[in-house]
Amino acid sequence: MQLYKNQPLKVHNSLTGKKELFQPINEGHIGMYVCGPTVYSNVHLGNCRTFMSFDMIFRYFKHLGYKVRYVRNITDAGHLENDADEGEDKIAKKAKLEQIEPMEVVQRYTVDFHNTLQKFNLLPPSIEPTATGHIIEQIEIIKEILEKGYAYEVNGSVYFDVEKFNETHEYGKLSGRKLEDMIANTRELTAQSEKKNPQDFALWKKADTHHIMRWPSPWGDGFPGWHLECTAMSTKYLGDTFDIHGGGMDLKFPHHECEIAQAEASNDQSPVNYWLHANMLTLNGKKMSKSTGNNIYPNEIFSGENGILSKAYTPAVVRFFMMQAHYTSILDLSDEALQASEKGYLRLMEALSTADQLSTGPKSDFDVEAWRQKCYDAMNDDFNTPILISHLFDAVKHINLIKEGMESISENDKTVLISTMRAFVHEVLGIEHQSEAKDDSQALNGVLELLIELRNQARANKDFATSDKIRDQLITLGIQLKDNKEGTSYSIK
RNA sequence: GGCAUCGUGGCCGAGUGGCUAGGCACAGCUCUGCAAAAGCUUGUACAGCGGUUCGAAUCCGCUCGAUGCCUCCA
């Protein structure tokens, strides 16, 4: 029996603003689309948070036994830089700036994107389609929308007619906006545009003579509008209506609003049942953004080379830090917060390895089954990872108590405890034990055994100068000696 | 200006009508040659002002403040 059958899951649906019981269109199967990055520069940490949140969601679905088709696109064309007429896409601009091919830009930053996500232990999506690989599909959708009368062509560009669409549909339902309000608010400026209304958005843009990224179309050479690719790729791989669409909060309007409009205009059905939005990561209380310069790159955190943090943090620590906040909450990154997370992370990892060595008794002093269900309850409540983690720490406490001989656990409960801990920490949260000085374990282990023996001899001889020297020197190397009743062990940070 | 979200103890961060989330830091205790690690114990916080209620941090209103979107952004 699949887990999902007895673990009812609630998700916060941005479309209704409510937590709803999640029910996939096809039992046991989930189609999920998440807006991926535009690959015109390195991913910053804020991007990573969003993808990490959906990675956790993807992982939990899989853990529950669902078969998930997870589509996350790569935007390698089409995002307009400026308004209307001077429209130029970011990738073309960057390519011109660096005097290289647009596809070189795309390649470089796609590789960076994959490398970074891999460090953060993100699972690859099932399909990672590119915008440039789906130009034909996008053109087809434009044709459909034109046929239905929700778009118009001007000088080789095609625009979506928002006002017309709004007569029969509800533009703004996702972001809680009303078209009348928007019109009332934009009366100033924005004249001399090709668009009938400022709210209209491009489905296809004419490429001027020196525009490098261009494709032929029924309306002349040009390139697709930036909302269209997601409609094309999501419906192609997941169907006209699919279960989940995710993305960053900042994409809610206009991007996702436009996706809904395009899909409804072309095939008259609401494309998505559950819209999920991940909230922003802030730095010094401000949103991280490439354009304002308020950002930090993942590699700067891993290396410690940045002007913001006091030290380096491993990807696992950063991931744990992010998992300690709910995905729908704004999270502020700071050195203090990362330090606190690092300690908590180490304690959790430590408990995970001591759990294996726990000796068992005839009965358990703690209700492992009830605890296990609490972990599921937390995740079933809109993927509440902070609560899950609080329960994991509850288990940490018991593990340590059992180790100290103050509580006991039965063989069976121990097995459940360990497998549940592992499942949630590794499988669902995607947190692995990463330590910097790990790989040379064989030799290092022997050396440490020797040092521990020498130290204990010194202690026996009351030569504390020597024993303390060994202990203190090791701690500066990140190796912690731990004296228990059974002897001395160590852990590497 | 419009729309939206939010304001929780020293810090981070859950929760949401009555039943002290959790992490980190701090303090005391146990352990220790001294420590560290680990364990135990302690913290009555919910922006302000009104209102609803037997009861609100949690619901409603207002005020103040923050953030996001309204132009490309995860």
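Computed from a predicted structure; not experimentally measured. What you see below is based on every heavy atom in this structure, not just the backbone, and it leaves out hydrogens, waters and symmetry mates. Chain letters run A, B, ... following the sequence lines, proteins first, then strands; residues in each count from 1.
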**OP:** Could you please name the option among B/C24, B/C73, B/G13 that lies closest to any side-chain atom of A/Ala325?
**Re:** B/G13
Using the 3.5 Å cut-off, write out each protein N or O paired with an N or O of nucleotides 30-36 of chain B and the distance between them.
residue	atom	partner	partner atom	Å
B/G33	O6	A/Arg459	NE	3.3
B/G33	N1	A/Asp468	OD1	3.0
B/G33	N2	A/Asp468	OD2	3.1
B/C34	N3	A/Arg471	NH2	2.3
B/C34	N4	A/Arg471	NH2	3.0
B/A35	N6	A/Asp483	OD2	2.4
B/A35	N1	A/Asp483	OD2	3.1
B/A35	N3	A/Arg471	NE	3.2
B/A35	N3	A/Arg471	NH2	3.3
B/A36	O2'	A/Gln480	OE1	3.1
B/A36	O2'	A/Gln480	NE2	2.5
B/A36	N1	A/Asp483	N	3.4
B/A36	N1	A/Asp483	O	3.4

Subject >> Residue pair A/Cys35 / A/His255, side-chain heavy-atom distance below 4.5 Å >> reply: yes
Original post:
Where are the stems of RNA chain B, defined as at least 3 consecutive Watson-Crick or wobble G-U pairs with both distances under 3.5 Å?
Top reply: B:1-7 with B:64-70, B:10-12 with B:22-24, B:27-30 with B:38-41, B:47-51 with B:59-63
Subject >> Selected nucleotide, minimal atom distance to A/Asn384 side chain, candidates B/G39, B/C73, B/A14 >> reply: B/A14
Original post:
To the nearest Å, how far apart are A/Gln339 CD and B/G13 P?
Top reply: 15 Å
Interface polar pairs with nucleotides 5-12 of chain B, N/O, under 3.5 angstrom:
residue	atom	partner	partner atom	Å
B/C11	O2'	A/Glu336	OE1	3.4

**OP:** Please work out which residues in residues 390-399 of chain A have a non-hydrogen atom less than 4.0 Å from an atom of RNA chain B and list them by number.
**Re:** A/Ser390, A/Phe393, A/Lys397
Original post:
How many Å lie between OH on A/Tyr327 and P on B/G13, as a whole number?
Top reply: 18 Å
**OP:** Answer yes when A/Asp394 and A/Lys397 have at least one side-chain N-carboxylate O distance shorter than 4.0 Å, and no when they do not.
**Re:** no
Subject >> Of A/His326 and A/Arg177, the one whose closest RNA chain B nucleotide lies more 5' >> reply: A/His326
Subject >> Residue A/Asn400, side-chain heavy atoms: nucleotide from B/C73, B/C69, B/A38 that is nearest >> reply: B/A38
**OP:** Could you tell me the separation between the CD1 atom of A/Ile402 and the P atom of B/C40, rounded to a whole number of Å?
**Re:** 12 Å
**OP:** Please work out if A/Ala278 contacts a base, only the sugar-phosphate, or nothing of the nucleic acid, heavy-atom cut-off 4.0 Å.
**Re:** nothing
Subject >> Separation between the C1' atoms of B/G61 and B/A56, rounded to whole Å >> reply: 15 Å
Subject >> Worked check of side chain to side chain donor-acceptor pair (under 3.5 Å) between A/His114 and A/Glu128 >> reply: CA-CA 11 Å; A/His114 286 148; A/Glu128 196 168 43; 2.6 Å; yes
Any N/O pairs under 3.5 Å between the protein and nucleotides 56-60 of chain B? List them or say none.
none

Subject >> CA sep, side-chain torsions, deciding dist, call: A/Arg108, A/Glu98, salt bridge (charged side-chain N to carboxylate O under 4.0 Å, His left out) >> reply: CA-CA 12 Å; A/Arg108 178 182 304 168; A/Glu98 300 187 1; 2.8 Å; yes
**OP:** Using the P atom as the reference point in each nucleotide, state the distance between B/A74 and B/U5 in Å, no decimals.
**Re:** 23 Å
Subject >> Same-atom distance (P) from B/G23 to B/G18, integer angstrom >> reply: 23 Å
Subject >> Interatomic distance at P, B/U44 relative to B/A37, whole Å >> reply: 26 Å
Subject >> Atom C1', compared across B/C46 and B/A35: separation rounded to whole Å >> reply: 38 Å
Original post:
Going by an N to O cut-off under 4.0 Å, is there a salt bridge joining A/Arg422 and A/Asp356?
Top reply: yes
Original post:
Is any side-chain heavy atom of A/Glu342 closer than 4.5 Å to a side-chain heavy atom of A/Lys311?
Top reply: yes
**OP:** Of all the heavy-atom pairs spanning A/His391 and A/Cys375, show the shortest one and how long it is.
**Re:** CB-SG, 3.9 Å
Original post:
Within the structure shown, what part of the strands sits under 4.0 Å from A/Gly46 by heavy-atom distance: base, sugar-phosphate, or nothing?
Top reply: base
Subject >> Most 5' of A/Ser329 and A/Gly344 on RNA chain B, judged by nearest nucleotide >> reply: A/Ser329
**OP:** Check the pair A/His256 / A/His277 against side chain to side chain donor-acceptor pair (under 3.5 Å), numbers first and verdict last.
**Re:** CA-CA 10 Å; A/His256 292 156; A/His277 285 99; 2.8 Å; yes
Original post:
Between B/G22 and B/U42, how far is it from one P atom to the other, in whole Å?
Top reply: 11 Å
**OP:** Would you confirm whether the ring centroid of A/Phe51 sits within less than 6.0 angstrom of the ring centroid of A/Phe113?
**Re:** yes
**OP:** To the nearest Å, give me how far apart CD (A/Gln199) and P (B/C69) are.
**Re:** 19 Å
**OP:** For the pair A/Glu350 and A/Arg347, find out whether any cationic side-chain nitrogen is under 4.0 Å from an anionic carboxylate oxygen.
**Re:** no
**OP:** Taking all heavy atoms of A/Met280 and all of A/Arg49, pick out the closest pair and write down the distance.
**Re:** O-NH1, 2.8 Å
**OP:** List in chain and number order the residues that pass ring pair (Phe, Tyr, Trp, His ring centres under 6.0 Å) with A/Phe201, two or more places apart in sequence or in another chain; answer none if no residue qualifies.
**Re:** A/Phe160, A/His227
Original post:
Aromatic rings A/Phe302 and A/Phe120: how do their planes relate, parallel, tilted or perpendicular, breaks at 30° and 60°?
Top reply: perpendicular
**OP:** Considering only atom P, compute the distance from B/U20 to B/C49 and round it to an integer number of Å.
**Re:** 26 Å
Original post:
When all nucleic acid strands are considered with a 4.0 Å heavy-atom cut-off, which category describes A/Gly172: base, sugar-phosphate, or nothing?
Top reply: nothing
**OP:** Could you state the atom-to-atom distance from CG of A/Leu228 to C1' of B/C72 in whole Å?
**Re:** 17 Å
Original post:
With a 4.0 Å cut-off on heavy atoms, is A/Thr354 in touch with a base, just the backbone sugar-phosphate, or nothing at all?
Top reply: nothing
Original post:
Below 4.5 Å, heavy atoms only, C-beta onward: do A/Trp226 and A/Pro254 meet side chain to side chain?
Top reply: yes
Original post:
Salt bridge or not for A/Asp55 and A/Arg319, using N-O below 4.0 Å?
Top reply: yes
Original post:
Quick one: do A/Arg459 and A/Asp483 make a salt bridge, cutoff under 4.0 Å?
Top reply: yes
Subject >> Atom-to-atom span, CG of A/Leu276 to P of B/A74 - whole angstrom >> reply: 18 Å
Subject >> Rounded distance (Å) that lies between atom P of B/A21 and atom CE of A/Met379 >> reply: 21 Å
Subject >> Separation between the P atoms of B/A47 and B/G33, rounded to whole Å >> reply: 49 Å
**OP:** Show the numbers, then the answer: is there a ring pair (Phe, Tyr, Trp, His ring centres under 6.0 Å) between A/Tyr376 and A/Phe424?
**Re:** CA-CA 9 Å; A/Tyr376 280 101; A/Phe424 279 109; 4.9 Å; yes
**OP:** Respond yes when some side-chain nitrogen or oxygen of A/Arg72 is under 4.0 Å from OP1 or OP2 of B/A74, and no when none is.
**Re:** no
Original post:
How far does CE of A/Met249 sit from OG of A/Ser14, to the nearest 0.5 angstrom?
Top reply: 7.0 Å
Subject >> Spacing between A/Ile452 atom CD1 and B/A37 atom C1', to the nearest angstrom >> reply: 13 Å
